[in-house]
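One structure is given here, and the rest of the page talks about it.
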Amino acid sequence: MIKLVRGFKDILPTETALWQYVEATGRELLEDFGFAELRIPILEKTELFARSIGAGTDIVEKEMYTFTDRKGDSLTLRPEATASVVRAYIEHKFYAKDPVCKLYTIGPMFRRERPQKGRYRQFYQINAEVFGLHDPRADAELIFLLMKFMNRLDLSGIVLHINSLGCLKCRPHFKDDLKTFLVNRSEQLCSDCLRRRDENPLRIFDCKVPTCKETMTDAPSILDRLCSKCRSHFNTVQDALNMSHIPYETNHRLVRGLDYYTRTTFEVLAGALGAQDAVAGGGRYDGLVKALGGPDQPGVGFAIGVDRLIELLAGQVQGLEKRAHLFIAALGDRAQDRAFQWVQDFRMQRFRTEMDLEDRSLKSQMRRADKLEASYVLIVGDRELDEGAAVLRNMTTKEQERVPLQGLVGFVVSRIKTTITGRNNEDRR
RNA sequence: GUGGGUGUAGCUCAGUAGGUAGAGCACCGGGUUGUGGCCCCGGCGGUCGAGGGUUCAAAUCCCUUCACUCACCCCA
């Protein structure tokens, strides 16, 4: 038997309703906030990711699905969306029509990591990017949108962490400070962190080794070393969040793994997820558009990990409303033929309708109707055909009534519609 | 890439002094000659992850390998 590729998964019919629900509420909210959908390809030139994410990052160094195509070009399966969105923004000159541009995209990303809970080699993201706005309130607005999305899905037990990574002027100074702090603490650091000290000292904040955590408690904080512009930018973000009543924690240890971030960064964490607890993350990337050959336009964005979100929602029992539907139990050839026509007619009336195409006993047909959770069953056999009226059974109340064969479909449709009062079944179809 | 745990029916799992496999659920049918859920009865269903070895005999012991899973790492 040929099986799934390691780290990949099928999203099964029992789960897709939840996925559709999550994606639909995401779309709805994003469009209310003025975002338009952009659909980008799954494959890009390798260079795009190397230049945007950063050649030294783990993602680029060891997690990308990269291959050479038949013409010798190096292509890779996108490990994240921002690079492609920026590429499209530049390529189609969106900035020329309107300097402010809000885009979202939904789809799969690929990273070749060792799979574990909440981490797959193909995973899905909902991605939002805002271009052309320097104002810190753009950052806050994006975070606001993100948290409203979580609210709307009724997620509990999540926390928002925010930080500022400074800009190209103040971050280098901080890195130097950090290096001098670490210079005579080699014994307290794990082997990984010793390596990081030279390559990317900020990452040491992320280490979970107890001794590293211990030594880092005394380490200088980036938030104390921000230049005045970054300082006031970060203050304004916080003020705006406070005004919007969005709870958050500032976390000067929040470091992100992509090189392009500047100033504001944020993450949404959910303890219930286990080790892979980041449901969403993002930040500002003011130099990226220019670095990729575009105009000097700023950007802010976030990515939501849909797989992890779904995992959280599946843990919090929540029934998605099901549409009422009909089952036709037909007995004998004559009735089966009639029923076959009716089934199609009901479906054309936007009624989910099923019947049993094998001529089985009424008992087994009723069992099937029950298993399919039909709210009504229409029973018709030779007897009903002769008498000119079928039997309509309400499966919840067990009430049965006779319905004339003439104009049967219209009659049953209006019957069911009027019986189901309240609820929003009406506007669902 | 490194470590731990686990692989027996579609699903959840029993099954060690080695003797060629069981339960519950699910599925199909019957009990009700035309009425679902509960109950009862019957049926279907397994290369015991794969390969090799020891043995008269291996799900069980040994070796190898693969997969899944959790954690490190990293991130959504």
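Here the structure is a predicted model, which is why all the values come from computation and not from measurement.
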Starting at [atom1] of [X] and ending at [atom2] of [N], how long is that distance when rounded to a whole Å?
{"X": "A/R367", "N": "B/rG29", "atom1": "CZ", "atom2": "C1'", "answer": "8 Å"}
{"X": "A/R393", "N": "B/rG36", "atom1": "CZ", "atom2": "P", "answer": "7 Å"}
{"X": "A/E129", "N": "B/rA76", "atom1": "CD", "atom2": "P", "answer": "11 Å"}
{"X": "A/I379", "N": "B/rG36", "atom1": "CD1", "atom2": "C1'", "answer": "10 Å"}
{"X": "A/E61", "N": "B/rC74", "atom1": "CD", "atom2": "C1'", "answer": "12 Å"}
{"X": "A/Q365", "N": "B/rG37", "atom1": "CD", "atom2": "C1'", "answer": "17 Å"}
{"X": "A/R360", "N": "B/rG36", "atom1": "CZ", "atom2": "P", "answer": "15 Å"}
{"X": "A/L269", "N": "B/rA76", "atom1": "CG", "atom2": "C1'", "answer": "11 Å"}

Practice prompt. For this output row, return yes or no: ring centroids of A/Y285 and A/Y260 closer than 6.0 angstrom.
Written response: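 Yes - the distance between ring centres of A/Y285 and A/Y260 falls below the 6.0 Å cut-off.
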Item to complete: Only one of A/L378, A/D345, A/T353 passes side chain to side chain contact (heavy atoms under 4.5 Å, CB included) with A/V409; say which it is.
Response: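 In the set A/L378, A/D345, A/T353, the residue that makes a side chain to side chain contact (heavy atoms under 4.5 Å, CB included) with A/V409 is A/D345.
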Worksheet entry | Option from A/I42, A/L43, A/T76 for which side chain to side chain contact (heavy atoms under 4.5 Å, CB included) with A/F110 holds |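 The passing option is A/I42.
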Do [X] and [N] have a side chain to base donor-acceptor pair shorter than 3.5 Å?
{"X": "A/E384", "N": "B/rG34", "result": "yes"}
{"X": "A/Q400", "N": "B/rU35", "result": "yes"}
{"X": "A/K363", "N": "B/rG31", "result": "yes"}
{"X": "A/Q116", "N": "B/rC73", "result": "yes"}
{"X": "A/R119", "N": "B/rC74", "result": "yes"}
{"X": "A/K398", "N": "B/rG37", "result": "yes"}

Worksheet item: Start at the 5' end of RNA chain B and walk down; is the nucleotide closest to A/R368 or to A/M395 reached first?
Response: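 Looking at RNA chain B, the more 5' nearest nucleotide goes with A/R368.
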Worksheet item: Taking for each residue the nucleotide of RNA chain B with the nearest heavy atom, is it A/T57 or A/G7 whose nucleotide lies nearer the 5' end?
Response: A/G7
Pairwise [atom1] distance for [N] and [M], with rounding to whole Å:
{"N": "B/rG51", "M": "B/rU60", "atom1": "P", "answer": "12 Å"}
{"N": "B/rG46", "M": "B/rG37", "atom1": "C1'", "answer": "31 Å"}
{"N": "B/rC11", "M": "B/rA26", "atom1": "P", "answer": "15 Å"}
{"N": "B/rG45", "M": "B/rA23", "atom1": "C1'", "answer": "14 Å"}
{"N": "B/rC70", "M": "B/rA57", "atom1": "P", "answer": "41 Å"}
{"N": "B/rG36", "M": "B/rU12", "atom1": "P", "answer": "31 Å"}
{"N": "B/rA76", "M": "B/rG43", "atom1": "C1'", "answer": "49 Å"}
{"N": "B/rG1", "M": "B/rG24", "atom1": "C1'", "answer": "42 Å"}

Go through the side-chain N and O atoms of [X] and [Y] and say whether any donor and acceptor fall under 3.5 Å apart.
{"X": "A/Q400", "Y": "A/R393", "answer": "yes"}
{"X": "A/Y124", "Y": "A/Q122", "answer": "yes"}
{"X": "A/N394", "Y": "A/T396", "answer": "yes"}
{"X": "A/D139", "Y": "A/H233", "answer": "yes"}

Discussion item. Pairs counted only when both distances fall under 3.5 Å, Watson-Crick or G-U: show me the 5' to 3' dot-bracket for RNA chain B, [ ] for pseudoknotted crossings and | for other-strand partners.
Written reply: (((((((..((((.....[..)))).(((((.......))))).....(((((..]....))))))))))))....
Using a 4.0 Å heavy-atom cut-off, does [X] contact any base of the nucleic acid, only the sugar-phosphate backbone, or nothing at all?
{"X": "A/K371", "result": "sugar-phosphate"}
{"X": "A/R114", "result": "base"}
{"X": "A/K117", "result": "sugar-phosphate"}
{"X": "A/S364", "result": "sugar-phosphate"}
{"X": "A/A369", "result": "nothing"}
{"X": "A/G118", "result": "base"}

Practice prompt. Check whether any side-chain heavy atom of A/S244 lies under 4.5 Å from a side-chain heavy atom of A/N242, and answer yes or no.
Written response: no
Item to complete: Look up atom CG in A/L331 and atom CD1 in A/I379, then write down how far apart they are to the nearest 0.5 Å.
Response: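 A/L331 atom CG to A/I379 atom CD1 measures 8.0 Å (nearest 0.5 Å).
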Worksheet item: Counting only side-chain N and O atoms of A/R6, is one of them less than 4.0 Å from OP1 or OP2 of B/rC68?
Response: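 For B/rC68, OP1/OP2 do have a side-chain N/O of A/R6 under 4.0 Å.
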Worksheet item: For the side chain of A/K9 and the backbone of A/Y120, is there at least one donor-acceptor N/O pair under 3.5 Å apart?
Response: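 It does not hold such a pair.
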